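The structure under discussion appears below in the form of C-alpha coordinates.
Predicted model only: the values in this text are computed from it and were never measured. Numbers restart at 1 for each chain; the letters A, B, ... are given by sequence-line order, proteins then strands.
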Number of protein chains: 2
Amino acid sequence: MLNEDIKTVAHDCGDCPIRHRAVCARCEADELERLEEIKYYRNFQAGQTIIWSGDRMDFVGSVVSGIATLTQTMEDGRTQMVGLLLPSDFVGRPGRDGSPYDVVATTDMVMCCFRKKPFEELMADTPHIAHRLLEMTLDELDAAREWMLVLGRKTAREKIASLLSIIARRDATLNLQTQQNSLVFDLPLTREAMADYLGLTLETVSRQISALKRDGVIELEGKRHVTVPDFSRLLDEAGDDSDGGMLS
Amino acid sequence: MLNEDIKTVAHDCGDCPIRHRAVCARCEADELERLEEIKYYRNFQAGQTIIWSGDRMDFVGSVVSGIATLTQTMEDGRTQMVGLLLPSDFVGRPGRDGSPYDVVATTDMVMCCFRKKPFEELMADTPHIAHRLLEMTLDELDAAREWMLVLGRKTAREKIASLLSIIARRDATLNLQTQQNSLVFDLPLTREAMADYLGLTLETVSRQISALKRDGVIELEGKRHVTVPDFSRLLDEAGDDSDGGMLS
DNA sequence: TCGCGCGCTTGATCTGGGTCAATGATGACC
DNA sequence: GGTCATCATTGACCCAGATCAAGCGCGCGA
(Lines give C-alpha, C1' and ligand atoms only; values in the text may rest on other atoms or scores of the structure.)
Protein backbone atom coordinates (compact mmCIF):
# COMPACT_ATOMS: atom_id res chain seq x y z
CA MET A 1 0.00 0.00 0.00
CA LEU A 2 3.00 2.28 0.22
CA ASN A 3 3.38 4.44 -2.82
CA GLU A 4 5.90 6.78 -4.31
CA ASP A 5 4.48 10.12 -3.25
CA ILE A 6 4.80 9.38 0.44
CA LYS A 7 8.25 10.81 0.73
CA THR A 8 7.35 13.87 -1.28
CA VAL A 9 4.58 14.84 1.14
CA ALA A 10 6.39 13.74 4.27
CA HIS A 11 6.48 17.21 5.75
CA ASP A 12 3.64 18.82 3.91
CA CYS A 13 1.12 18.96 6.70
CA GLY A 14 -1.54 20.73 4.67
CA ASP A 15 -1.98 17.68 2.48
CA CYS A 16 -3.14 15.21 5.06
CA PRO A 17 -5.62 16.35 7.65
CA ILE A 18 -4.96 13.60 10.14
CA ARG A 19 -1.31 14.42 10.22
CA HIS A 20 -2.06 18.06 10.29
CA ARG A 21 -4.67 17.82 13.00
CA ALA A 22 -3.41 14.95 15.07
CA VAL A 23 0.29 15.32 14.95
CA CYS A 24 1.87 18.36 13.46
CA ALA A 25 1.02 20.74 16.24
CA ARG A 26 3.78 19.10 18.24
CA CYS A 27 5.35 17.02 15.55
CA GLU A 28 8.32 14.89 16.18
CA ALA A 29 10.37 13.43 13.40
CA ASP A 30 10.15 9.76 14.28
CA GLU A 31 6.40 9.85 14.66
CA LEU A 32 6.05 11.38 11.24
CA GLU A 33 8.30 8.66 9.92
CA ARG A 34 6.15 5.95 11.47
CA LEU A 35 2.93 7.56 10.27
CA GLU A 36 4.29 7.75 6.75
CA GLU A 37 5.08 4.07 6.83
CA ILE A 38 1.49 3.04 7.48
CA LYS A 39 -0.18 5.68 5.37
CA TYR A 40 -1.87 5.21 2.01
CA TYR A 41 -4.47 6.94 -0.08
CA ARG A 42 -7.79 5.54 -1.23
CA ASN A 43 -10.20 6.90 -3.80
CA PHE A 44 -13.94 6.38 -3.74
CA GLN A 45 -16.59 7.17 -6.30
CA ALA A 46 -19.79 9.06 -5.63
CA GLY A 47 -22.38 6.64 -4.29
CA GLN A 48 -19.87 4.02 -3.26
CA THR A 49 -20.24 2.47 0.17
CA ILE A 50 -16.94 2.69 1.99
CA ILE A 51 -17.93 0.55 4.95
CA TRP A 52 -21.07 -1.44 5.60
CA SER A 53 -22.62 -1.43 9.03
CA GLY A 54 -21.20 -4.35 10.96
CA ASP A 55 -18.17 -4.69 8.74
CA ARG A 56 -14.76 -5.10 10.17
CA MET A 57 -12.69 -1.94 9.66
CA ASP A 58 -9.00 -2.44 9.16
CA PHE A 59 -8.09 1.19 8.82
CA VAL A 60 -8.66 4.62 10.23
CA GLY A 61 -8.12 7.79 8.29
CA SER A 62 -9.35 11.20 7.34
CA VAL A 63 -11.10 12.86 4.46
CA VAL A 64 -8.79 14.71 2.10
CA SER A 65 -11.46 15.79 -0.37
CA GLY A 66 -15.10 14.99 -1.04
CA ILE A 67 -17.99 14.20 1.28
CA ALA A 68 -19.20 11.07 3.01
CA THR A 69 -22.11 10.31 5.31
CA LEU A 70 -22.64 8.01 8.27
CA THR A 71 -26.09 6.45 8.21
CA GLN A 72 -28.12 3.99 10.24
CA THR A 73 -30.94 2.03 8.66
CA MET A 74 -33.88 0.16 10.16
CA GLU A 75 -35.07 -3.11 8.64
CA ASP A 76 -38.04 -1.42 7.01
CA GLY A 77 -35.78 1.02 5.22
CA ARG A 78 -36.13 4.13 7.33
CA THR A 79 -32.70 5.72 7.46
CA GLN A 80 -31.14 8.38 9.61
CA MET A 81 -27.88 10.09 8.87
CA VAL A 82 -25.85 10.34 12.07
CA GLY A 83 -22.80 12.13 10.78
CA LEU A 84 -21.46 14.11 7.88
CA LEU A 85 -17.81 13.77 6.95
CA LEU A 86 -16.24 16.79 5.32
CA PRO A 87 -12.58 17.30 4.40
CA SER A 88 -10.32 17.02 7.47
CA ASP A 89 -12.83 14.88 9.38
CA PHE A 90 -11.61 11.70 10.97
CA VAL A 91 -13.07 8.28 10.22
CA GLY A 92 -12.66 5.24 12.37
CA ARG A 93 -12.74 4.03 15.90
CA PRO A 94 -9.39 3.17 17.37
CA GLY A 95 -9.81 0.16 19.59
CA ARG A 96 -13.07 -0.93 17.96
CA ASP A 97 -13.39 -3.55 15.32
CA GLY A 98 -16.69 -3.00 13.57
CA SER A 99 -18.54 0.02 12.32
CA PRO A 100 -22.02 0.53 13.76
CA TYR A 101 -23.19 2.40 10.63
CA ASP A 102 -22.75 2.59 6.90
CA VAL A 103 -20.19 5.02 5.60
CA VAL A 104 -21.10 6.19 2.10
CA ALA A 105 -19.29 8.55 -0.26
CA THR A 106 -21.79 11.05 -1.61
CA THR A 107 -19.25 12.64 -3.95
CA ASP A 108 -15.98 11.39 -5.35
CA MET A 109 -13.58 11.22 -2.45
CA VAL A 110 -9.97 10.88 -1.50
CA MET A 111 -9.13 9.52 1.92
CA CYS A 112 -5.84 9.37 3.70
CA CYS A 113 -5.80 6.05 5.51
CA PHE A 114 -3.64 4.38 8.11
CA ARG A 115 -3.63 0.69 8.75
CA LYS A 116 -5.45 0.24 12.00
CA LYS A 117 -3.23 -2.04 14.02
CA PRO A 118 0.03 -0.12 13.53
CA PHE A 119 -1.87 3.12 14.03
CA GLU A 120 -3.04 1.89 17.41
CA GLU A 121 0.48 0.88 18.33
CA LEU A 122 1.70 4.31 17.38
CA MET A 123 -1.11 5.78 19.45
CA ALA A 124 -0.06 3.75 22.46
CA ASP A 125 3.50 5.09 22.16
CA THR A 126 2.64 8.71 21.56
CA PRO A 127 0.22 10.10 24.13
CA HIS A 128 -0.50 13.29 22.28
CA ILE A 129 -2.00 11.40 19.34
CA ALA A 130 -4.30 9.66 21.80
CA HIS A 131 -5.04 13.03 23.31
CA ARG A 132 -5.84 14.52 19.92
CA LEU A 133 -8.19 11.65 19.20
CA LEU A 134 -10.01 12.25 22.47
CA GLU A 135 -10.39 15.89 21.46
CA MET A 136 -11.83 14.92 18.09
CA THR A 137 -14.19 12.42 19.65
CA LEU A 138 -15.45 15.01 22.13
CA ASP A 139 -16.07 17.37 19.21
CA GLU A 140 -18.08 14.69 17.44
CA LEU A 141 -20.04 14.03 20.60
CA ASP A 142 -20.87 17.71 20.93
CA ALA A 143 -21.97 17.81 17.31
CA ALA A 144 -24.12 14.71 17.76
CA ARG A 145 -25.79 16.16 20.83
CA GLU A 146 -26.41 19.48 19.18
CA TRP A 147 -28.02 17.53 16.38
CA MET A 148 -30.25 15.73 18.87
CA LEU A 149 -31.79 19.11 19.72
CA VAL A 150 -32.35 19.75 16.03
CA LEU A 151 -33.97 16.36 15.47
CA GLY A 152 -36.06 16.35 18.60
CA ARG A 153 -37.31 19.88 18.91
CA LYS A 154 -36.93 22.00 15.80
CA THR A 155 -39.51 22.63 13.08
CA ALA A 156 -38.84 21.67 9.47
CA ARG A 157 -37.89 25.26 8.58
CA GLU A 158 -35.53 25.50 11.53
CA LYS A 159 -34.00 22.16 10.63
CA ILE A 160 -33.21 23.29 7.09
CA ALA A 161 -31.78 26.57 8.34
CA SER A 162 -29.65 24.67 10.88
CA LEU A 163 -28.25 22.39 8.19
CA LEU A 164 -27.51 25.27 5.85
CA SER A 165 -25.72 27.20 8.56
CA ILE A 166 -23.59 24.21 9.50
CA ILE A 167 -22.57 23.63 5.91
CA ALA A 168 -21.94 27.33 5.35
CA ARG A 169 -19.81 27.51 8.47
CA ARG A 170 -17.74 24.47 7.61
CA ASP A 171 -17.32 25.66 4.06
CA ALA A 172 -16.19 29.10 5.15
CA THR A 173 -13.65 27.88 7.68
CA LEU A 174 -12.23 25.40 5.19
CA ASN A 175 -11.90 27.93 2.41
CA LEU A 176 -11.12 30.91 4.58
CA GLN A 177 -13.28 33.06 2.36
CA THR A 178 -15.66 35.04 4.52
CA GLN A 179 -15.43 37.54 1.71
CA GLN A 180 -18.01 40.33 1.54
CA ASN A 181 -20.11 39.29 4.52
CA SER A 182 -22.29 37.09 2.33
CA LEU A 183 -21.65 33.38 2.03
CA VAL A 184 -21.69 31.31 -1.11
CA PHE A 185 -21.46 27.55 -1.28
CA ASP A 186 -22.66 24.46 -3.09
CA LEU A 187 -24.89 21.99 -1.31
CA PRO A 188 -23.00 18.73 -1.19
CA LEU A 189 -26.14 16.69 -0.61
CA THR A 190 -29.25 15.73 -2.53
CA ARG A 191 -32.64 16.69 -1.13
CA GLU A 192 -33.07 13.10 -0.08
CA ALA A 193 -29.79 13.02 1.84
CA MET A 194 -30.74 16.26 3.56
CA ALA A 195 -34.05 14.68 4.51
CA ASP A 196 -32.22 11.70 5.98
CA TYR A 197 -30.04 14.02 7.99
CA LEU A 198 -32.96 16.07 9.26
CA GLY A 199 -35.51 13.36 9.94
CA LEU A 200 -37.82 14.73 7.25
CA THR A 201 -39.08 13.65 3.84
CA LEU A 202 -37.50 14.96 0.68
CA GLU A 203 -40.72 16.75 -0.24
CA THR A 204 -40.69 18.73 2.98
CA VAL A 205 -37.04 19.60 2.44
CA SER A 206 -37.85 20.88 -1.02
CA ARG A 207 -40.80 22.92 0.19
CA GLN A 208 -38.88 24.52 3.03
CA ILE A 209 -35.95 25.41 0.80
CA SER A 210 -38.42 27.03 -1.60
CA ALA A 211 -39.94 28.90 1.32
CA LEU A 212 -36.58 30.20 2.57
CA LYS A 213 -35.83 31.32 -0.97
CA ARG A 214 -39.20 33.03 -1.35
CA ASP A 215 -38.63 34.83 1.94
CA GLY A 216 -35.19 36.06 0.88
CA VAL A 217 -33.24 34.16 3.51
CA ILE A 218 -31.26 32.38 0.81
CA GLU A 219 -30.78 32.72 -2.93
CA LEU A 220 -30.58 29.73 -5.23
CA GLU A 221 -28.83 29.37 -8.56
CA GLY A 222 -29.76 26.05 -10.05
CA LYS A 223 -30.59 23.49 -7.40
CA ARG A 224 -27.38 23.38 -5.46
CA HIS A 225 -25.64 26.74 -5.53
CA VAL A 226 -26.65 28.76 -2.49
CA THR A 227 -25.84 32.29 -1.44
CA VAL A 228 -26.71 33.57 1.99
CA PRO A 229 -27.02 37.37 1.92
CA ASP A 230 -27.28 37.71 5.70
CA PHE A 231 -25.85 34.94 7.82
CA SER A 232 -27.29 36.17 11.10
CA ARG A 233 -30.74 36.06 9.51
CA LEU A 234 -30.13 32.40 8.69
CA LEU A 235 -29.02 31.67 12.25
CA ASP A 236 -32.16 33.38 13.43
CA GLU A 237 -34.25 31.08 11.28
CA ALA A 238 -32.35 28.14 12.73
CA GLY A 239 -33.47 29.13 16.20
CA ASP A 240 -29.83 29.27 17.27
CA ASP A 241 -28.77 31.67 19.93
CA SER A 242 -25.08 31.62 19.11
CA ASP A 243 -23.25 32.49 15.94
CA GLY A 244 -21.09 29.40 16.20
CA GLY A 245 -17.96 31.51 16.11
CA MET A 246 -18.62 32.76 12.61
CA LEU A 247 -19.26 36.39 13.37
CA SER A 248 -17.20 38.35 15.80
CA MET B 1 -11.97 18.32 50.09
CA LEU B 2 -10.12 15.32 51.38
CA ASN B 3 -12.09 13.42 53.94
CA GLU B 4 -11.56 10.64 56.34
CA ASP B 5 -13.07 7.74 54.45
CA ILE B 6 -10.68 8.03 51.56
CA LYS B 7 -8.17 5.67 53.06
CA THR B 8 -10.80 3.17 53.98
CA VAL B 9 -12.02 2.84 50.40
CA ALA B 10 -8.58 3.12 48.83
CA HIS B 11 -8.72 -0.34 47.35
CA ASP B 12 -12.42 -0.92 47.22
CA CYS B 13 -13.00 -0.61 43.52
CA GLY B 14 -16.69 -1.36 43.68
CA ASP B 15 -17.37 1.82 45.53
CA CYS B 16 -16.20 4.31 42.98
CA PRO B 17 -17.12 3.70 39.36
CA ILE B 18 -14.50 5.95 37.82
CA ARG B 19 -11.76 4.14 39.61
CA HIS B 20 -13.33 0.86 38.87
CA ARG B 21 -13.88 1.54 35.22
CA ALA B 22 -10.97 3.77 34.38
CA VAL B 23 -8.20 2.48 36.49
CA CYS B 24 -8.59 -0.71 38.36
CA ALA B 25 -8.50 -3.03 35.40
CA ARG B 26 -4.78 -2.41 35.31
CA CYS B 27 -4.40 -0.64 38.58
CA GLU B 28 -1.07 0.51 39.84
CA ALA B 29 -0.53 1.57 43.39
CA ASP B 30 0.85 5.05 42.81
CA GLU B 31 -1.99 5.98 40.46
CA LEU B 32 -4.54 4.92 43.01
CA GLU B 33 -2.68 6.99 45.54
CA ARG B 34 -2.79 10.04 43.32
CA LEU B 35 -6.45 9.50 42.48
CA GLU B 36 -7.31 9.25 46.15
CA GLU B 37 -5.62 12.55 46.79
CA ILE B 38 -7.83 14.48 44.40
CA LYS B 39 -11.03 12.62 45.05
CA TYR B 40 -14.04 13.81 46.98
CA TYR B 41 -17.74 13.07 47.18
CA ARG B 42 -20.60 15.42 46.46
CA ASN B 43 -24.28 15.02 47.22
CA PHE B 44 -27.07 16.56 45.20
CA GLN B 45 -30.78 16.76 45.84
CA ALA B 46 -33.48 15.78 43.39
CA GLY B 47 -34.15 18.71 41.08
CA GLN B 48 -30.87 20.43 41.77
CA THR B 49 -28.89 21.72 38.82
CA ILE B 50 -25.34 20.43 39.07
CA ILE B 51 -23.92 22.49 36.24
CA TRP B 52 -25.51 25.24 34.16
CA SER B 53 -24.90 25.35 30.45
CA GLY B 54 -21.91 27.61 29.83
CA ASP B 55 -20.61 27.26 33.37
CA ARG B 56 -17.01 26.57 34.03
CA MET B 57 -16.53 23.03 35.33
CA ASP B 58 -13.72 22.53 37.78
CA PHE B 59 -14.20 18.81 38.26
CA VAL B 60 -14.85 15.56 36.50
CA GLY B 61 -16.36 12.55 38.13
CA SER B 62 -18.80 9.74 37.98
CA VAL B 63 -22.19 8.87 39.31
CA VAL B 64 -22.16 6.64 42.38
CA SER B 65 -25.92 6.58 42.92
CA GLY B 66 -28.95 8.42 41.57
CA ILE B 67 -29.77 9.78 38.14
CA ALA B 68 -28.92 12.96 36.29
CA THR B 69 -29.78 14.30 32.85
CA LEU B 70 -27.95 16.39 30.29
CA THR B 71 -30.29 18.86 28.60
CA GLN B 72 -30.11 21.60 26.03
CA THR B 73 -32.65 24.40 26.00
CA MET B 74 -33.66 26.90 23.33
CA GLU B 75 -34.51 30.49 24.22
CA ASP B 76 -38.21 29.84 23.84
CA GLY B 77 -38.05 27.04 26.36
CA ARG B 78 -38.08 23.97 24.13
CA THR B 79 -35.74 21.48 25.75
CA GLN B 80 -34.09 18.31 24.57
CA MET B 81 -32.37 15.84 26.80
CA VAL B 82 -29.11 14.76 25.18
CA GLY B 83 -27.88 12.29 27.75
CA LEU B 84 -28.94 10.27 30.73
CA LEU B 85 -26.45 9.65 33.52
CA LEU B 86 -26.92 6.47 35.47
CA PRO B 87 -24.66 5.03 38.18
CA SER B 88 -21.15 4.41 36.86
CA ASP B 89 -21.49 7.00 34.07
CA PHE B 90 -18.78 9.57 33.68
CA VAL B 91 -19.38 13.31 33.81
CA GLY B 92 -17.06 15.92 32.48
CA ARG B 93 -14.88 16.80 29.58
CA PRO B 94 -11.17 16.56 30.23
CA GLY B 95 -9.47 19.37 28.39
CA ARG B 96 -12.63 21.45 28.09
CA ASP B 97 -13.56 24.29 30.37
CA GLY B 98 -17.27 24.83 29.98
CA SER B 99 -20.27 22.58 29.79
CA PRO B 100 -22.42 22.92 26.66
CA TYR B 101 -25.54 21.73 28.49
CA ASP B 102 -27.27 21.74 31.82
CA VAL B 103 -26.62 18.80 34.10
CA VAL B 104 -29.56 18.23 36.44
CA ALA B 105 -30.04 15.68 39.19
CA THR B 106 -33.47 14.08 38.79
CA THR B 107 -33.16 12.06 41.98
CA ASP B 108 -30.96 12.48 45.02
CA MET B 109 -27.45 11.71 43.90
CA VAL B 110 -23.97 10.96 45.07
CA MET B 111 -21.09 11.74 42.79
CA CYS B 112 -17.47 10.80 43.08
CA CYS B 113 -15.52 13.83 41.87
CA PHE B 114 -11.94 14.59 40.98
CA ARG B 115 -10.53 18.07 40.76
CA LYS B 116 -10.09 18.71 37.10
CA LYS B 117 -6.59 20.09 36.79
CA PRO B 118 -4.83 17.39 38.80
CA PHE B 119 -6.97 14.78 37.09
CA GLU B 120 -5.74 16.01 33.73
CA GLU B 121 -2.17 15.91 34.93
CA LEU B 122 -2.68 12.36 36.11
CA MET B 123 -4.21 11.56 32.74
CA ALA B 124 -1.17 12.96 30.95
CA ASP B 125 1.12 10.72 33.00
CA THR B 126 -0.91 7.55 32.75
CA PRO B 127 -1.81 6.68 29.16
CA HIS B 128 -4.28 3.99 30.06
CA ILE B 129 -6.53 6.46 31.86
CA ALA B 130 -6.56 8.55 28.70
CA HIS B 131 -7.27 5.40 26.78
CA ARG B 132 -10.14 4.47 29.07
CA LEU B 133 -11.61 7.96 28.63
CA LEU B 134 -11.45 7.61 24.87
CA GLU B 135 -13.31 4.32 25.20
CA MET B 136 -16.00 5.91 27.32
CA THR B 137 -16.34 8.85 24.96
CA LEU B 138 -16.72 6.50 21.99
CA ASP B 139 -19.45 4.68 23.89
CA GLU B 140 -21.24 7.94 24.53
CA LEU B 141 -20.91 8.86 20.88
CA ASP B 142 -22.43 5.55 19.84
CA ALA B 143 -25.29 6.07 22.26
CA ALA B 144 -25.88 9.61 20.99
CA ARG B 145 -25.96 8.42 17.40
CA GLU B 146 -28.28 5.57 18.17
CA TRP B 147 -30.52 8.12 19.81
CA MET B 148 -30.45 10.26 16.67
CA LEU B 149 -32.15 7.40 14.85
CA VAL B 150 -34.76 7.24 17.59
CA LEU B 151 -35.41 10.98 17.47
CA GLY B 152 -35.39 11.32 13.72
CA ARG B 153 -37.19 8.26 12.48
CA LYS B 154 -39.16 6.41 15.10
CA THR B 155 -42.85 6.77 15.92
CA ALA B 156 -44.00 7.79 19.39
CA ARG B 157 -44.74 4.19 20.34
CA GLU B 158 -41.34 3.02 19.14
CA LYS B 159 -39.66 5.87 21.00
CA ILE B 160 -41.28 4.86 24.28
CA ALA B 161 -40.39 1.22 23.73
CA SER B 162 -36.79 2.22 22.93
CA LEU B 163 -36.49 4.23 26.12
CA LEU B 164 -37.98 1.47 28.23
CA SER B 165 -35.64 -1.11 26.77
CA ILE B 166 -32.60 1.08 27.38
CA ILE B 167 -33.56 1.64 30.99
CA ALA B 168 -34.41 -2.02 31.49
CA ARG B 169 -31.09 -3.07 30.02
CA ARG B 170 -29.06 -0.65 32.12
CA ASP B 171 -30.96 -1.59 35.21
CA ALA B 172 -30.45 -5.30 34.62
CA THR B 173 -26.71 -5.05 33.98
CA LEU B 174 -26.26 -2.88 37.05
CA ASN B 175 -28.19 -5.16 39.33
CA LEU B 176 -27.24 -8.41 37.67
CA GLN B 177 -30.75 -9.69 38.20
CA THR B 178 -32.05 -11.11 34.94
CA GLN B 179 -34.07 -13.32 37.20
CA GLN B 180 -37.02 -15.23 35.77
CA ASN B 181 -36.79 -13.91 32.20
CA SER B 182 -39.08 -11.00 32.99
CA LEU B 183 -37.69 -7.61 33.91
CA VAL B 184 -38.83 -5.35 36.68
CA PHE B 185 -37.68 -1.81 37.28
CA ASP B 186 -38.72 1.64 38.41
CA LEU B 187 -38.87 4.48 35.93
CA PRO B 188 -36.36 7.04 37.13
CA LEU B 189 -37.96 9.83 35.10
CA THR B 190 -41.21 11.79 35.12
CA ARG B 191 -43.38 11.69 32.03
CA GLU B 192 -42.15 15.18 31.22
CA ALA B 193 -38.49 14.14 31.41
CA MET B 194 -39.23 11.18 29.17
CA ALA B 195 -40.90 13.54 26.72
CA ASP B 196 -37.82 15.75 26.75
CA TYR B 197 -35.67 12.75 26.04
CA LEU B 198 -37.87 11.50 23.23
CA GLY B 199 -38.77 14.74 21.50
CA LEU B 200 -42.42 14.31 22.41
CA THR B 201 -44.96 15.98 24.68
CA LEU B 202 -45.78 14.55 28.07
CA GLU B 203 -49.37 13.85 26.94
CA THR B 204 -48.13 11.68 24.10
CA VAL B 205 -45.79 9.84 26.45
CA SER B 206 -48.66 9.15 28.79
CA ARG B 207 -50.94 7.95 25.99
CA GLN B 208 -48.32 5.63 24.52
CA ILE B 209 -47.46 4.12 27.88
CA SER B 210 -51.16 3.49 28.42
CA ALA B 211 -51.34 1.88 24.99
CA LEU B 212 -48.36 -0.41 25.65
CA LYS B 213 -49.99 -1.39 28.93
CA ARG B 214 -53.36 -2.01 27.27
CA ASP B 215 -51.62 -4.18 24.66
CA GLY B 216 -49.83 -6.23 27.31
CA VAL B 217 -46.31 -5.21 26.33
CA ILE B 218 -45.69 -3.85 29.81
CA GLU B 219 -47.44 -3.98 33.17
CA LEU B 220 -47.67 -1.00 35.47
CA GLU B 221 -47.96 -0.85 39.22
CA GLY B 222 -48.55 2.70 40.26
CA LYS B 223 -47.05 5.18 37.82
CA ARG B 224 -43.44 4.21 37.90
CA HIS B 225 -43.06 0.52 38.63
CA VAL B 226 -42.80 -1.41 35.38
CA THR B 227 -42.58 -5.08 34.63
CA VAL B 228 -41.77 -6.37 31.19
CA PRO B 229 -43.11 -9.89 30.76
CA ASP B 230 -41.40 -10.46 27.42
CA PHE B 231 -38.33 -8.40 26.65
CA SER B 232 -38.05 -9.46 23.02
CA ARG B 233 -41.60 -8.24 22.48
CA LEU B 234 -40.54 -4.85 23.83
CA LEU B 235 -37.52 -4.77 21.52
CA ASP B 236 -39.85 -5.60 18.67
CA GLU B 237 -42.02 -2.64 19.55
CA ALA B 238 -38.91 -0.48 19.62
CA GLY B 239 -38.18 -1.39 16.01
CA ASP B 240 -34.76 -2.64 17.08
CA ASP B 241 -33.16 -5.45 15.22
CA SER B 242 -30.67 -6.36 17.92
CA ASP B 243 -31.21 -7.40 21.49
CA GLY B 244 -28.45 -5.12 22.66
CA GLY B 245 -26.62 -8.01 24.23
CA MET B 246 -29.39 -8.73 26.72
CA LEU B 247 -30.51 -12.08 25.46
CA SER B 248 -28.12 -14.74 24.32
C1' DT C 1 -32.04 15.35 -31.77
C1' DC C 2 -34.63 12.63 -29.20
C1' DG C 3 -35.97 10.42 -25.17
C1' DC C 4 -35.10 8.72 -20.84
C1' DG C 5 -33.83 8.86 -16.03
C1' DC C 6 -32.86 11.19 -12.08
C1' DG C 7 -33.24 14.89 -9.01
C1' DC C 8 -36.40 18.20 -7.85
C1' DT C 9 -40.79 20.88 -7.33
C1' DT C 10 -45.54 21.48 -6.38
C1' DG C 11 -50.31 20.21 -5.36
C1' DA C 12 -54.04 17.57 -2.79
C1' DT C 13 -55.14 15.00 0.95
C1' DC C 14 -54.39 12.43 5.23
C1' DT C 15 -52.80 11.58 9.92
C1' DG C 16 -49.70 11.26 14.04
C1' DG C 17 -48.78 13.82 17.45
C1' DG C 18 -49.30 18.59 19.34
C1' DT C 19 -52.33 21.79 21.88
C1' DC C 20 -55.73 23.04 25.06
C1' DA C 21 -58.48 21.73 28.78
C1' DA C 22 -60.64 19.05 32.38
C1' DT C 23 -60.17 15.52 35.78
C1' DG C 24 -57.85 11.89 38.72
C1' DA C 25 -54.28 9.98 41.87
C1' DT C 26 -50.69 10.39 45.37
C1' DG C 27 -48.34 12.00 49.04
C1' DA C 28 -46.39 15.76 52.03
C1' DC C 29 -47.41 19.09 55.33
C1' DC C 30 -50.33 21.47 58.68
C1' DG D 1 -57.86 13.96 57.97
C1' DG D 2 -58.22 17.95 54.99
C1' DT D 3 -55.68 20.82 51.79
C1' DC D 4 -52.59 21.69 48.38
C1' DA D 5 -49.10 20.71 44.98
C1' DT D 6 -47.22 17.74 41.80
C1' DC D 7 -47.58 14.23 38.50
C1' DA D 8 -50.43 11.67 35.42
C1' DT D 9 -54.41 10.47 32.52
C1' DT D 10 -57.87 11.26 29.13
C1' DG D 11 -60.69 13.71 25.73
C1' DA D 12 -61.61 16.98 21.78
C1' DC D 13 -59.73 19.36 18.27
C1' DC D 14 -56.07 21.09 15.15
C1' DC D 15 -52.03 21.48 12.29
C1' DA D 16 -47.20 20.50 10.59
C1' DG D 17 -45.40 17.41 8.02
C1' DA D 18 -46.14 12.72 5.74
C1' DT D 19 -48.06 10.49 1.84
C1' DC D 20 -49.61 10.02 -2.75
C1' DA D 21 -49.40 11.78 -7.22
C1' DA D 22 -48.41 14.65 -11.13
C1' DG D 23 -45.21 17.18 -13.67
C1' DC D 24 -40.66 19.80 -14.67
C1' DG D 25 -35.80 20.46 -16.28
C1' DC D 26 -31.41 19.16 -17.20
C1' DG D 27 -27.69 16.07 -18.54
C1' DC D 28 -26.42 11.99 -20.95
C1' DG D 29 -26.16 8.30 -24.05
C1' DA D 30 -27.92 6.48 -28.55
What is the separation between atom [atom1] on [X] and atom [atom2] on [N], rounded to the nearest whole Å?
| X | N | atom1 | atom2 | answer |
| --- | --- | --- | --- | --- |
| A/Arg78 | D/dT19 | CZ | P | 10 Å |
| A/Leu200 | D/dT19 | CG | P | 11 Å |
| A/Gln208 | C/dT9 | CD | P | 12 Å |
| A/Arg214 | C/dT9 | CZ | P | 13 Å |
| A/Asp196 | D/dA18 | CG | P | 12 Å |

Answer yes or no: is there an ion pair linking [X] with [Y], defined by an N-O contact shorter than 4.0 Å?
| X | Y | value |
| --- | --- | --- |
| B/Asp139 | A/Arg93 | no |
| A/Asp215 | A/Arg157 | yes |
| B/Lys223 | B/Asp186 | no |
| B/Asp240 | B/Lys154 | yes |
| B/Arg145 | A/Glu140 | yes |

| query | What parts of residues 147-156 of chain A reach DNA chain D, counting only heavy atoms under 4.0 Å away? | reply | A/Thr155, A/Ala156
| task | Grab the two heavy atoms, one from A/Asp108 and one from A/Gln45, that are nearest each other, plus how far apart they are. | result | OD1-CA, 3.3 Å
| remark: Of all heavy-atom pairs linking A/Tyr101 and A/Ser99, the shortest is O-OG, 2.6 Å
Under 3.5 Å, N/O pairs linking protein and nucleotides 6-10 of chain D:
from   : atom 1 : to       : atom 2 : distance (Å)
D/dA8  : OP1    : B/Arg224 : NE     : 3.2
D/dA8  : OP2    : B/Arg191 : N      : 2.8
D/dT9  : OP1    : B/Arg191 : NH2    : 3.2
D/dT9  : OP2    : B/Arg191 : NE     : 2.7
D/dT9  : OP2    : B/Ser206 : OG     : 2.8
D/dT9  : O5'    : B/Ser206 : OG     : 3.2
D/dT10 : OP2    : B/Ser210 : OG     : 2.9

| field | Global bending angle along the helix from C/dT1-D/dA30 to C/dC30-D/dG1, which compares the axes of five pairs at either end, to 10 degrees | value | 30°
| task | For B/Gly199, answer base if it contacts any base atom (sugar-phosphate contacts may also be present), sugar-phosphate if it contacts only those atoms, and nothing otherwise; contact means non-hydrogen atoms under 4.0 Å. | result | sugar-phosphate
| said: Please check: side-chain N/O of A/Asp76 versus main-chain N/O of A/Arg78, any donor-acceptor pairing under 3.5 Å? | reply: yes
| said: Looking at B/Glu221, I want to see if its CD is surrounded by more than 12 non-hydrogen atoms of other residues, nucleotides or ligands under 6.0 Å. | reply: no
| request: Count the heavy atoms of every other residue, nucleotide or ligand shown that sit under 6.0 Å from CD of B/Glu192, and state whether that count exceeds 12. | output: no
| query | Does A/Phe59 have A/Arg42 sitting over its ring (NZ/CZ under 6.0 Å from centre, angle to axis within 45°)? | reply | yes
